[in-house]
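Here the structure comes first, spelled out in structure tokens, and everything after it is commentary.
Residue numbers start from 1 in every chain, and the chains themselves are labelled A, B, ... in the order their sequence lines are given, proteins ahead of strands.
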Amino acid sequence: MDVRGHLDLLLLAVLADAGPVHGYAVITALRDRSDGAFDVPEGTVYPALHRLERAGLVVSRWEQAAPRRRRVYELTREGREARVAKQSEWRRFVDGVQAVLGPAATQVPA
Amino acid sequence: MTAPTGDGPVEQYLDEMFDRLAGTGPAGRRMLAEAESHLLAAVEDGRDRGLDAEAAEREAIARFGTVTTVVRHVPVATGEVRQRLRHLLSVVWVAAGAVLLWWGGSGVITWLLSGPWTRLLIATDRFGAQPDMCERPWVPLNPAVDCFTQYREYLNLLPHGGDRDTYPWVAVGGVAVLVAWLIVRRVTALGTPRMILLSVPFGLAALVLTTYGVLGVFHQAQNWALSYLVAGLFAAGTSVAALVNRNAAPDQARGGISR
């Protein structure tokens with residue numbers, strides 16, 4: 001499933017729930033929580049995290065955890081606020097789409 | 001700790017990524033470090049699931065994405081672009097000054113040496129007319145010009161000739177361009193070009209011109225030999241000067257990232 005345009009929200013959501021966590025764990029959580037639906041090239045998640053950091057929504061630091069050094073990411077206050085705002089925006093979008101499609105759209109085709 | 005084998009897929013992948021991240025600066029260095037950390041962790045997971053090392057590395061790479069896919073998300077550092085442009089400007093600026101100075105300076109020096117050179121050619125019959133050709137019965141083509149002056153005019157000031165009156169001005173222009181570069185470099189972040197970019201072409205030119213000039217001297221000492229010798233030696237001096245100063249450029253532009 002193509003998550004372009006939604007990756008920022010997904011990453012903010014994972015970081016909000018997982019707390020300070022390294023990139024590999026973010027990607028694993030993204031894959032596990034979506035039951036593998038979000039099959040993005042894992043390498044593209046790091047530039048997205050860097051972009052969120054440049055926007056001030058995420059901070060990161062190197063952490064020397066066995067067996068290797070890893071960069072740990074954490075939401076800032078602005079990041080938490082952005083997550084809430086983006087989630088609300090997403091909810092309105094989903095509700096709007098749902099309203100247009102109608103009740104039949106929720107039924108799983110036989 | 002599971003480390004990639006020296007020539008394994010992960011190591012090859014990281015090598016390619018290193019090359020492709022050139023010009024991305026700190027963002028590229030960070031991307032490379034995180035890619036290595038991520039891939040090692042993924043390989044470990046694969047080994048824990050029973051994959052052999054080769055298969056685990058290949059799976060980790062497949063899930064990470066192709067180098068092209070990943071690298072195109074890493075922005076080129078603005079500072080790197082500016083630094084490259086400054087470096088390019090600096091190279092063109094210094095090269096222009098050096099070429100003007102070389103061309104004009106060679107012409108001026110050749111003209112200064114042309115007097116004794118002409119007398120030598122006349123004395124040794126190197127113009128190929130006759131011995132003591134300024135003695136009687138020499139008949140000047142232009143009675144208003146003495147023999148020495150006329151033969152001096154036969155000399156080429158530079159390999160392809162030219163109007164000697166312009167050479168001093170060209171040389172002064174070259175000096176002015178170089179002085180202006182030195183001043184601008186001191187007050188701005190213009191940077192110093194890699195002097196090897198000047199040293200190599202001037203060195204090659206010196207080799208060709210000097211060889212041609214030396215052949216002329218020993219062969220027949222034609223009227224062009226002096227100009228080739230001077231231009232070649234001037235180019236050699238420029239090349240050596242650039243080579244000596246190549247380490248005096250602490251702010252060279254560096255396009256790559258370091259690992």
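B/I61 CD1 to A/E42 CD: the interatomic distance, rounded to the nearest 0.5 Å, is 12.0 Å. A distance of 10.5 Å separates OH of A/Y24 from CG of B/L40, quoted to the nearest 0.5 Å. One distance of note links CZ of A/R69 with OG of B/S37; it measures 9.0 Å at 0.5 Å rounding.
Contact annotation for A/R31: only side-chain heavy atoms (C-beta onward) come within less than 4.5 Å of a heavy atom of chain B.
The side-chain heavy atoms of A/T44 and B/F64, taken from C-beta on, include no pair separated by under 4.5 Å. Contact check for B/R30 versus A/P47: no side-chain heavy atoms found under the 4.5 Å cut-off. Residues A/I27 and B/H38 are in side-chain contact: their nearest non-hydrogen atoms beyond the backbone lie under 4.5 Å apart.
Shown here is A/R91, whose CZ atom has no more than 12 heavy atoms of other residues, nucleotides or ligands within 6.0 Å. Heavy-atom contacts from other residues, nucleotides or ligands closer than 6.0 Å to CH2 of A/W62 number more than 12.
Checked by atom type, the side-chain pair B/E34/A/H22 shows no donor-acceptor distance below 3.5 Å.
Minimum interatomic distance between A/G43 and B/M31 (heavy atoms only, all atoms of both residues): O-CE, 3.7 Å.
For the set B/A42, B/G65, B/A41, B/A60, the entry with the most heavy-atom pairs within less than 4.5 Å of chain A is B/A41.
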